[in-house]
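Here is the structure we will look at, set down as structure tokens.
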Amino acid sequence: MLKVLIFVEHKKGVIKKVTAETLSVGKNIAGQAPLTAVVFGAGAKNAASCLAKYGADRVIVFESEYLTNPMSKNAAKPLTDIITQEQPDVVLFPHTAVIKELLAAVSANLGVSPIVDCVAIENSDEKLVCCRSVYAGKIVASLKSNQKPTIVSLRPNIFQIIEHSVDTKIEEFSFRMNATDILTTIREISCEGKTRPELMEAKIIVAGGRGMGCAENFVLLEQLADFLGAAVGASRSVVDAEWQPQCIQIGQTGKTVAPELYIACGISGAIQHLAGIYSSKTIVAINSDPDAPIFKIADYGIVGDVREIVPALILELKKAKQSS
Amino acid sequence: MNILICVKVVPDSDTIIKIAPDGKTIDETNIRLAINPYDEYALEAGVQLKEKFGGEVTVISVGDENAAGVIKKCLPVGADKALHLIAPNSRMADALSIARMLADEIRNHPFDIIFCGKTTIDAQNGLVGELLGSLLNIPVISAASQFSIDGNRAVVSRDVDGTKEIVECALPCLVTAEKGLTKPRYPSLREIMLAKKKQIDSRPVVLGDPNLCVLGMEYPPNRPPGKIVGEGVGAVPELVRLLTEEAKVL
Ligand SMILES: Cc1cc2nc3c(=O)[nH]c(=O)nc-3n(C[C@H](O)[C@H](O)[C@H](O)COP(=O)(O)OP(=O)(O)OC[C@H]3O[C@@H](n4cnc5c(N)ncnc54)[C@H](O)[C@@H]3O)c2cc1C
Ligand SMILES: Nc1ncnc2c1ncn2[C@@H]1O[C@H](COP(=O)(O)O)[C@@H](O)[C@H]1O
């Protein structure tokens, strides 16, 4: 039995998919021990009530008027206090860009070196063994921490969600926060009227490379993505050519993704791109060059011009949907 | 302005990585080394800041003896000084040990801002900068895609899970560089010649006891060989069938 504490990522009370994944993993390694979740910020109580489904026996909530960005480093003090008080063996975080500064600040406060972005985790005789990918995915390292607590973050879209139903006890944490605890101020400026899912959590990703020919042709990929409920990604060449923004670059110097289906359109398959897509369940490649390296790792390939194949694919998918 | 840049020398992204016979480290012989790509964006950001406000850019790097040659490449780009803390076998040292080493050193340097990379491409922790900032008790802003100084404050814009944010904090602070923060320059021959006069200062250091232990390294499982469904639009119906019936992802 390991005493496990989980930090919950949520947006105004709505928990993210990766939070459910993290709780499921936490429940698994905790065994019979009660699982404690921690939720900060506005909407915390709302989020807390959704956590029972994933096995949280206890939820500690904390809100403060100063803590407008509850997932930022500004939350380090109360979270450090909770961990010091609770003395868990393991603290789990979802591995997301939002939480990273907080995870680091808490780790520094506690003098713990975290194991981040894990793709596998196992409780072996009350010791955690964690696997993570290093050297741009060319190597998988397994690690063990010599410290208590062990702080671990989990890569999104890798772990299975397992539902449990438990009775959750909600407790409020009392902590006096001051304006001086707020080190960085964040102004959100746009969600770009987003209708597509986030790249890191998307089940399907449609990605384009230089073979798309020009920025305008990405409309084809957007149409395909919208039909499939998918996110749109891009290779670095496309980002460097300013056809697409940096935030959708996939690969070693972009995002690492693990969707169920990755459709690579006009992407050659350079090692740095593959680093970001290796954990995808199924990879489809559409490329006019039969010798393109992407075909070596793709499960299914079509040799052809993306400008013809993608519209044909949309049509075929529509047909399939109508007949089903 | 005193500007510090933390730079790691890493295996170049194209290099083939082989696991060493001990099964826990990589074979460092015959690998091509390079400045961690994100640290190049960080260095360029520091040099641009110096060009705007004056001051000095100092590069600090923890790495083994072999790193020296690559650290030197920061000088023609515009770093005034480079400090090499020589720590053998530190490539996979845990992030907190590296951050502590850097913090101990940086406490002896006056600074207004520290730039790090968002992540290294070898250890891939994406943590050292954030830990370092916390150890030094200064604000940290990670993954900056734009950066400016407004009076005594740093103003950064960044993308967080699809949302654009503008984040501000007081100086001194630490900022980590996302790709695209800057376009690293290619130094001219003249700059390369002039930089030959600059020295890199090096000193052996000893890392503390490791907080994490690497149990083993493996190559990721090969993806099963795929198949070419066909050529041209004629292959599309079969692809849709395979995705639906075989892969079951639609
Ligand atoms: C340090 C470093 C980090 C890097 N990080 C990344 C990263 O994070 N992500 C990344 O993607 N890259 C990264 N790269 C770059 C990488 O090496 C490749 O240059 C890049 O991935 C190539 O992008 P691409 O496949 O879109 O373009 P190309 O390599 O130019 O490939 C275009 C492909 O499109 C095909 N094509 C052309 N026309 C058509 C058509 N009409 N229909 C169908 N197919 C067509 C071609 O056959 C070709 O295979 C990095 C490089 C370095 C050195
Ligand atoms: N050995 C090192 N020497 C100097 N700076 C480092 C070292 N390791 C990491 N850094 C800095 O911390 C950033 C993040 O590293 P990491 O946490 O390993 O991904 C890097 O981009 C560097 O700026």
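Neither the backbone nor the side chain of A/L315 comes within less than 4.5 Å of any heavy atom of chain B. Within the 4.5 angstrom heavy-atom criterion, only side-chain atoms of A/F295, from C-beta onward, approach chain B. Only the side chain of A/Q246 comes within less than 4.5 Å of a heavy atom of chain B; its backbone N, CA, C and O stay farther away. With a threshold of 4.5 angstrom between heavy atoms, A/T150 does not approach chain B through any atom at all. Interface remark: B/D14 contributes backbone and side-chain atoms alike to the contact with chain A (heavy atom separation under 4.5 Å). For B/S13, the parts sitting under 4.5 Å from any heavy atom of chain A are the backbone and the side chain alike. Contact of B/K118 with chain A is made through backbone and side chain together, with heavy-atom distances under 4.5 Å. Neither the backbone nor the side chain of A/K321 has a heavy atom closer than 4.5 Å to any heavy atom of chain B. Contact annotation for A/V98: both backbone and side-chain heavy atoms come within less than 4.5 Å of a heavy atom of chain B. Using a 4.5 Å cut-off between heavy atoms, A/Q249 touches chain B through its side chain atoms alone. Only the side chain of A/A320 comes within contact range of chain B, judged by heavy atoms closer than 4.5 Å. With a 4.5 Å cut-off on non-hydrogen atoms, B/L239 touches chain A through its side chain but not through its backbone. Of the atoms belonging to A/K281, heavy atoms from both backbone and side chain fall under 4.5 Å from chain B. Neither the backbone nor the side chain of A/L199 comes within less than 4.5 Å of any heavy atom in chain B.
With respect to chain A, the highest number of heavy-atom pairs below 4.5 Å among B/V10, B/I19, B/L215 belongs to B/L215. Per-residue counts of heavy-atom pairs under 4.5 Å with chain A were compared for B/L96, B/N211, B/V249, B/T119; the largest is that of B/N211. Contact tally against chain A (heavy-atom pairs below 4.5 Å) for B/G216, B/P225, B/C169: the top residue is B/G216. Chain A forms more heavy-atom pairs under 4.5 Å with one residue of B/M92, B/K183, B/K248 than with any other, namely B/M92. With chain A as the partner, the residue from B/L242, B/T244, B/T120 showing the most heavy-atom pairs under 4.5 Å is B/L242. In terms of non-hydrogen atom pairs under 4.5 Å with chain A, the most contact-rich of B/M217, B/K179, B/R158 is B/K179.
Contacts from residues 135-145 of chain A to chain B, taken as heavy-atom pairs separated by less than 4.5 Å, involve A/Y135, A/A136, A/G137, A/K138, A/I139, A/V140, A/A141, A/S142, A/L143, A/K144, A/S145 in sequence order. Chain B is approached within less than 4.5 Å, heavy atom to heavy atom, by A/R236, A/V239, A/D240 from residues 229-241 of chain A, ordered by number.
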Can you list, pair by pair, the side-chain donor-acceptor contacts under 3.5 Å of residues 126-142 of chain B, counting residues two or more places apart and other chains?
| residue | atom | partner | partner atom | Å |
| --- | --- | --- | --- | --- |
| B/E130 | OE2 | A/K100 | NZ | 3.4 |
| B/S134 | OG | B/E130 | O | 3.2 |
| B/S142 | OG | A/E101 | OE2 | 2.6 |

Which donor-acceptor pairs under 3.5 Å do the side chains of residues 226-238 of chain B make with protein atoms, sequence neighbours left out?
| residue | atom | partner | partner atom | Å |
| --- | --- | --- | --- | --- |
| B/E238 | OE1 | B/R241 | NE | 3.1 |
| B/E238 | OE2 | B/R241 | NH2 | 3.1 |

